[in-house]
Amino acid sequence: MTHVEQLLRGPVLEVAPAMLGWELSHDTREGHVTVRLTEVEAYAGEADPASHASRGRTLRTEVMFGPPRRLYVYFSYGMHWCANIVVGVDGEASAVLLRAGRVVEGMELARARRPPGTSERSLARGPACLTQALGIGKSHNGADLCGESPLTLTPGEPVSAISSGPRVGVSLAAEAPWRFWITGDETVSAYKRSPRAPA
DNA sequence: TGAACGATTTCCT
DNA sequence: GGAAATCGTTCAA
């Protein structure tokens, strides 16, 4: 078992903040892009009402119920792809949503994948923006981040300080402070509470 | 077989 | 601050 895989096997509420500052790289024919994670959210398995896994094992959530270190990619609002890293114990269905990051390699390619005029800090600011900048989509669902896959995850430099707060856009368990970000980082996305969340 | 609903982003006023 | 764009997943009938 690799070092990274070992780190991912811990409890999701410990693994998620620990993943801040880690780097996710994607190699394609077009080139290479690396993003340093600045914002993540924890989804705590089948018992977490806000998680897609809360309805049990389905075709869509199959990957989450499998072993950790794999990528769970889902389609959102008819147009966006968002990526999670499966963590914890095999079968527990815990995952960490990659909400934002800073492009540290392959700036030009990342820019080419985003709308013209996108500022550098916004290239991977938001979960769907991050997958766009990295060139991640449906075909990467279930990809192994430690194996032969062109996607690789590596621990990065330690972060200065970590903040936490409620998750973005979730209507259930809306108070759980399971969103983690690097304090003061400009690439962290704006907080938006779900309009369906109870007052 | 049908309908409601998003772990969102972007553009408009 | 608000609404549109747009479709796979899930649940009800």
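Any value given below was found using the heavy atoms of this structure, including those in side chains, with hydrogens, waters and symmetry copies removed. Throughout, a chain's letter reflects where its sequence line sits, starting with A, and its residues are numbered from 1. Only a predicted model underlies this, so the values are computations on that prediction, with no experimental measurement involved.
Under the 6.0 Å distance and 45° angle rule, Arg60(A) does not count as a cation-pi partner of Phe75(A).
The nearest whole Å value for the distance from the CZ atom in Arg193(A) to the P atom in dG1(C) is 15 Å. Regarding Arg121(A), its CZ atom lies at a distance of 14 Å from the P atom of dT9(B), rounded to whole Å. We find that CD of Glu62(A) is positioned 13 Å from P of dT9(C), with the value rounded to whole Å. Arg125(A) has its CZ atom 11 Å from the P atom of dT10(B), to the nearest Å. Rounded to a whole Å, the CG atom of Leu130(A) is 10 Å from the P atom of dT9(B). Remark: C1' of dT8(B) and NE2 of His80(A) are 4 Å apart, rounded to the nearest angstrom. With rounding to whole Å, His52(A) atom NE2 is found 12 Å from dC11(C) atom P. Whole-Å rounding puts the Arg167(A) CZ to dT8(B) P distance at 11 Å.
Comparing Lys192(A) and Ser171(A) by the nucleotide of DNA chain B whose heavy atom lies nearest to each, the residue mapping closer to the 5' end is Ser171(A). Mapping Arg114(A) and Val170(A) onto DNA chain B via the closest heavy atom, the residue that lands nearer the 5' end is Val170(A). Along DNA chain C, the nucleotide closest to Arg55(A) and the one closest to Lys138(A) are compared, and the more 5′ of them pairs with Lys138(A).
Remark: Ser51(A) is not in phosphate contact with dA7(B), judged by side-chain N or O atoms under 4.0 Å from OP1 or OP2. Residue Arg179(A) places none of its side-chain N or O atoms closer than 4.0 Å to OP1 or OP2 of dA7(B).
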What does the list of N/O pairs under 3.5 Å between the protein and nucleotides 11-13 of chain B look like, with a distance for each?
none

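Ala50(A) comes within 4.0 angstrom of a nucleotide base, judged by non-hydrogen atoms across all strands. Using a 4.0 Å heavy-atom criterion, one finds that Arg60(A) contacts the sugar-phosphate atoms exclusively. Using a 4.0 Å heavy-atom distance criterion, Phe75(A) is classed as a sugar-phosphate-only contact. In this structure, Ser194(A) reaches neither bases nor backbone, as no heavy-atom distance under 4.0 Å exists between it and the strands shown.
Between Tyr43(A) and His52(A), the side chains place no donor N or O within less than 3.5 Å of an acceptor N or O (distance only, hydrogens not considered). Side-chain contact check for His26(A) and Thr28(A): no donor-acceptor pair (N or O, by modelled atom type) lies under 3.5 Å. Under the 3.5 Å distance criterion, with hydrogens and angles disregarded, no donor-acceptor pair is assigned to the side chains of Ser54(A) and Glu46(A).
Residue Tyr43(A) and nucleotide dA7(B) are classified as a stacked aromatic pair, their ring centres being separated by less than 5.5 Å at an interplanar angle below 30°.
Val87(A) and Phe180(A) fall within a single hydrophobic cluster, where Ile, Leu, Val, Met, Phe, Trp and Tyr side chains are chained together by heavy-atom contacts under 4.5 Å. By the rule that hydrophobic residues join a cluster once side-chain heavy atoms approach within less than 4.5 Å of another member, Trp81(A) and Tyr74(A) end up as members of separate clusters. Side-chain heavy atoms closer than 4.5 Å link hydrophobic residues (I, L, V, M, F, W, Y) into clusters, and following such links, even through other members, never connects Trp181(A) to Val35(A). Hydrophobic clustering, with ILVMFWY side chains joined whenever heavy atoms are under 4.5 angstrom apart, keeps Val40(A) apart from Val63(A).
Stem list for DNA chain B (at least 3 consecutive Watson-Crick or G-U pairs, distances under 3.5 Å): B:1-6 with C:7-12, B:8-12 with C:1-5.
The shortest non-hydrogen separation linking His140(A) to Leu151(A) is CD2-CD1, 3.9 Å.
Side chain Tyr77(A) to base dA5(C): no donor-acceptor pair is found below 3.5 Å.
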Would you tabulate the side-chain donor-acceptor contacts of residues 6-22 of chain A under 3.5 Å, counting partners in other chains and residues two or more places apart, or write 'none'?
residue  : atom : partner  : partner atom : Å
Arg9(A)  : NH2  : Glu5(A)  : OE2          : 3.1
Trp22(A) : NE1  : Ala18(A) : O            : 3.1

